[in-house]
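Written below as structure tokens is the structure these notes are about.
Whatever order the structure lists them in is the order used to number ligands and atoms, beginning at 1. Just so it is clear, the model here is predicted, and its values are computed rather than measured. Note that the numbering runs from 1 along the sequence shown for the chain.
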Amino acid sequence: MLFSKTFIPILKNNPSEAVIKSHQLMLRVGMIKQSSAGIYSWLPLGFKVMKKIEQIVREEQNKIGAQEILMPTIQSSEIWKESGRYEDYGEEMLRIQDRQNREMLYGPTNEELITDIFRSSIKSYKSLPQLLYHIQWKFRDELRPRFGIMRCREFYMKDAYSFDLNDDDAKFSYNKFFLSYLRTFKRLDLSAIPMAADTGPIGGNLSHEFVILAETGESKIYTDKRIFEVSSENTKLDKKSLSNLREKYEKFYAVTDEKFDKKKFEENVPKEFRLNTKGIEVGHIFYFGDKYSKPMSASVDFQGKKEFVKMGSYGVGVSRLVGAIIEAKYDDKNEVMKWPISIAPYECSIIPLINKNDNSNLDKAHNIYNYLKGKNIDTIVDDTDENFSSKIKKFNLIGIPFQIMIGKKSEGDLFEFVEVGKEAKNLSIEDIAKIIINKKK
Ligand code: 5CA
């Protein structure tokens with residue numbers, strides 16, 4: 001890709017309306033553009049990153065046996081009246097009337113819709129468990145949308161739903177998602193801690209928020225620092241191993257604000273391990289039994305009886321994750337963004353020093369570009385007239401993990417190569433490709 005032909009509208013300075021670093025950076029490098037309060041367009045750079053995150057989330061859902069579907073954004077109020085949430089959900093629900101005067105709404109979440117889909121087809125306990133998920137836009141008419149895409153009104157979410165015969169099986173499903181979340185956030189190079197949380201308008205009595213630590217986060221958290229040492233590595237997908245995994249985490253006090261109990265915190269956590277800080281909620285899982293299946297009559301036949309299925313739901317804020325990763329990885333003092341290579345908007349940039357009436361460096365850049373393309377390395381060539389050092393700054397800001405400089409310091413077939421944040425080295429293009437490919441593994 002040639003930089004001159006991309007749609008990457010970069011701003012000279014941080015926009016004054018943004019108060020947290022992710023919002024500043026996303027506007028500064030043209031990842032998003034606000035269209036109205038809390039509603040954004042995703043421009044190529046931002047969209048690329050979000051799609052890569054989405055794919056990692058998807059792969060980890062598939063690994064636990066969940067099946068992907070797509071549900072509409074617009075729903076009928078009928079099913080929400082059946083569950084009893086139409087009135088309860090309040091003003092966050094955007095209500096719409098169609099030309100037939102039917103009451104519709106823009107889905108803030110999909111428990112009702114998925115229960116309706118489930119009950120229309122699944123009749124026997126032999127078809128259980130069912131784990132279904134979708135990745136879709138949701139809308140919540142937040143009173144105070146803020147911090148860019150971190151708390152917005154229209155946002156992109158992975159939401160999954162589980163259906164089981166009884167409590168025990170349902171907890172097994174819950175624990176599968178628990179593990180899949182740990183794996184997902186690890187692949188995104190985030191340390192997300194599962195914290196006991198309130199269930200709010202989704203309901204139920206068992207819930208964990210997955211929170212990453214960040215000063216700019218909106219969730220207050222109280223935790224035992226030792227929880228950071230727990231590992232989910234090599235956990236098998238059977239009932240026993242998964243329940244052991246959850247126990248390993250639950251041994252340590254870790255709660256969000258609403259669940260905080262000062263006495264318990266002080267009793268359970270020795271002083272030196274107490275951590276009271278802020279975090280960003282990137283995922284949230286719930287177990288709510290028959291809260292929806294009972295009023296909506298979603299049941300299966302089991303031993304001659306109808307049993308209401310036991311359900312859970314499991315969300316990941318895919319669009320919020322873009323901002324959360326920036327909060328975790330952006331060094332705003334030096335203006336360097338460190339995307340993990342798995343989700344970086346481009347993997348490598350080529351920065352030729354362009355002299356007037358001399359295209360030789362640009363020609364070399366094209367050759368290198370084609371070579372890297374052949375190796376499946378997603379590369380961008382900066383063919384603009386900007387000066388060399390501002391080009392380097394620009395790619396540091398965007399967060400392209402590798403840079404190849406074709407300038408005074410390159411000699412013959414060796415080019416100046418930088419892994420952002422490390423010393424520059426002069427290397428052949430073959431060696432450069434090897435390093436990048438290795439990093440991608
Ligand atoms: N159906 C349930 C299952 S998880 C649900 O909707 N849960 S939720 O309300 O907790 O949302 C799931 C995730 O979506 C949150 O953890 C958060 O990462 C993301 N999210 C929620 N509200 C917003 C918002 N206003 N802006 C951006 N992301 C949001």
Side-chain angles (χ1 to χ4, degrees), residues 20 22-23 26 32 34 37-40 42 46 50 53-54 57 61 66 71 73 75 80 83 85 88-94 106-115 131-162 173-174 177-178 180-181 184-185 188 190 192-204 206-212 214 216-219 221 256 258 279-288 291-292 311-327:
I20 65 171
S22 56
H23 191 196
M26 291 181 83
I32 50 170
Q34 184 171 342
I39 302 180
Y40 289 84
W42 287 74
M50 186 161 78
I53 295 174
E54 175 186 345
V57 171
Q61 294 294 290
M71 290 182 267
T73 51
Q75 304 179 17
W80 287 74
S83 75
R85 275 209 296 184
D88 292 354
Y89 210 93
E91 292 191 291
E92 266 189 25
M93 181 189 278
L94 181 67
Y106 194 132
T109 177
N110 286 40
E111 281 77 12
E112 283 77 0
L113 193 51
I114 194 79
T115 306
L131 312 181
L132 300 167
Y133 73 98
H134 73 151
I135 304 177
Q136 178 61 289
W137 295 102
K138 308 234 162 157
F139 194 95
R140 294 181 188 170
D141 202 355
E142 298 272 352
L143 185 59
R144 266 187 293 278
R146 59 190 173 278
F147 306 146
I149 49 78
M150 296 290 247
R151 177 161 302 278
C152 46
R153 297 201 294 164
E154 190 177 41
F155 56 99
Y156 203 50
M157 196 209 287
K158 187 286 298 179
D159 216 348
Y161 306 87
S162 64
S173 292
Y174 185 92
F177 283 99
F178 189 92
S180 109
Y181 278 27
T184 304
F185 298 128
L188 296 172
L190 292 174
I193 304 299
M195 313 236 159
D198 236 16
T199 52
I202 306 291
L206 169 64
S207 169
H208 286 88
E209 270 184 26
F210 288 76
V211 177
I212 64 163
T216 45
E218 291 187 282
S219 310
I221 53 171
T256 58
E258 308 93 5
I280 302 168
E281 176 200 324
V282 285
H284 201 160
I285 60 178
F286 300 82
Y287 177 55
F288 41 72
K291 176 174 177 193
Y292 300 90
M311 294 173 58
S313 72
Y314 315 88
V316 170
V318 176
S319 50
R320 177 180 287 181
L321 267 170
V322 180
I325 295 168
I326 296 174
E327 291 298 322

Should the pair Glu111-Arg85 be classified as a salt bridge under the 4.0 Å nitrogen-to-oxygen rule? yes

Could you tell me if the side chain of Lys138 sits less than 4.5 Å from the side chain of Asn110, heavy atoms only? yes

Would you say the side chain of Ile326 lies within less than 4.5 Å of the side chain of His23, judging by non-hydrogen atoms? no

Looking at ligand 1, does Glu111 have a heavy atom less than 4.0 Å from it? yes

Is the closest heavy-atom distance from Met150 to ligand 1 below 4.0 Å? yes

Are any of the N/O atoms on Glu281, whether in the backbone or the side chain, positioned under 3.5 angstrom from an N/O atom of ligand 1? yes

At a non-hydrogen distance cut-off of under 4.0 Å, which region of Phe286 contacts ligand 1 (side chain, backbone, both, or neither)? side chain

Between Arg140 and Pro108, is there a donor-acceptor pair closer than 3.5 Å when you use the side chain of the first and the backbone of the second? yes

Return the residue, atom name and 0.1 Å-rounded distance of the protein heavy atom closest to atom 22 (N) of ligand 1. Phe155 CZ, 3.5 Å

Let me see the working for His134 and Met157 under side chain to side chain contact (heavy atoms under 4.5 Å, CB included), right down to the final yes or no. CA-CA 8 Å; His134 73 151; Met157 196 209 287; over 6 Å; no

Contact between ligand 1 and Ile285 is defined here as a heavy atom of the residue under 4.0 Å from a ligand atom; is it met? no

Protein heavy atom at shortest distance from atom 5 (C) of ligand 1: Ile202 CD1, 3.7 Å

Counting from 1 in the order shown, the ligand 1 atoms closer than 4.0 Å to a non-hydrogen atom of Ser313 are 1 (N), 2 (C), 3 (C)

Between Asn110 and ligand 1, which part of the residue brings a heavy atom under 4.0 Å of the ligand: side chain, backbone, both or neither? neither

Going by atom types alone, do Ser180 and Gln61 pair a side-chain donor with an acceptor below 3.5 Å? yes

Which ligand 1 atoms does Gly315 reach within 4.0 Å, using its non-hydrogen atoms? 3 (C), 4 (S)

Can you sort out which atoms of ligand 1 are near Val282, meaning under 4.0 Å from one of its heavy atoms? 16 (O), 18 (O)

Taking the six-membered ring where the residue is Trp, are the ring centres of Tyr287 and Tyr314 under 6.0 Å apart? no

Side chain, backbone, both or neither: which part of His284 comes within less than 4.0 Å of ligand 1 when only heavy atoms are counted? both

Any side-chain heavy-atom pair of Tyr156 and Ile149 under 4.5 Å: no

Under 4.0 Å from a heavy atom of Arg151: which atoms of ligand 1 are those, numbered in the order shown and with their elements? 26 (N)

Result for ring-ring contact (aromatic ring centres under 6.0 Å, His included) between Tyr106 and one of Trp137, Phe139, Phe155 points to Phe139

Quick one: which ligand 1 atoms are inside 4.0 Å of a heavy atom on Cys152? 24 (C), 25 (N), 26 (N)

Of all the atoms in ligand 1, which lie at a distance below 4.0 Å from a heavy atom belonging to Ile149? 27 (C)

For Phe210 and Phe178: C-alpha separation, side-chain torsions, deciding distance, then whether ring pair (Phe, Tyr, Trp, His ring centres under 6.0 Å) applies. CA-CA 9 Å; Phe210 288 76; Phe178 189 92; 5.6 Å; yes

Under 4.0 Å to a heavy atom of Thr109 - the qualifying atoms of ligand 1, by number: 1 (N), 2 (C), 6 (O)

Side-chain touch Met311/Phe286, heavy atoms, less than 4.5 angstrom: no

Decide side chain to side chain contact (heavy atoms under 4.5 Å, CB included) for Thr256 and Asp198; before the verdict, give the C-alpha distance in whole Å, the side-chain angles of both, and the deciding distance to 0.1 Å. CA-CA 8 Å; Thr256 58; Asp198 236 16; 5.6 Å; no

Can you list the atoms of ligand 1 that are under 4.0 Å from a heavy atom of Gly283? 16 (O)

Begin with the C-alpha distance, continue with both residues' side-chain angles, and end with the deciding distance and a verdict on side-chain hydrogen bond (donor to acceptor under 3.5 Å, both in side chains) for Ser219 and Glu281. CA-CA 7 Å; Ser219 310; Glu281 176 200 324; 4.8 Å; no

Heavy-atom distances under 4.0 Å are what count here, so tell me which part of Met157 touches ligand 1: side chain, backbone, both or neither. side chain

Shortest protein contact, atom 13 (C) of ligand 1 (heavy atom only): Gly317 N, 3.9 Å

Does only the side chain of Glu142 get under 4.0 Å from ligand 1, or the backbone, or both, or neither? Count heavy atoms. side chain

Taking atom 29 (C) of ligand 1 as the point of reference, which of Arg320, Arg146, Glu209 owns the nearest heavy atom? Arg320

Could you find the nearest protein heavy atom to atom 8 (S) of ligand 1 and give me its residue, atom name and distance? Arg140 NH1, 3.9 Å

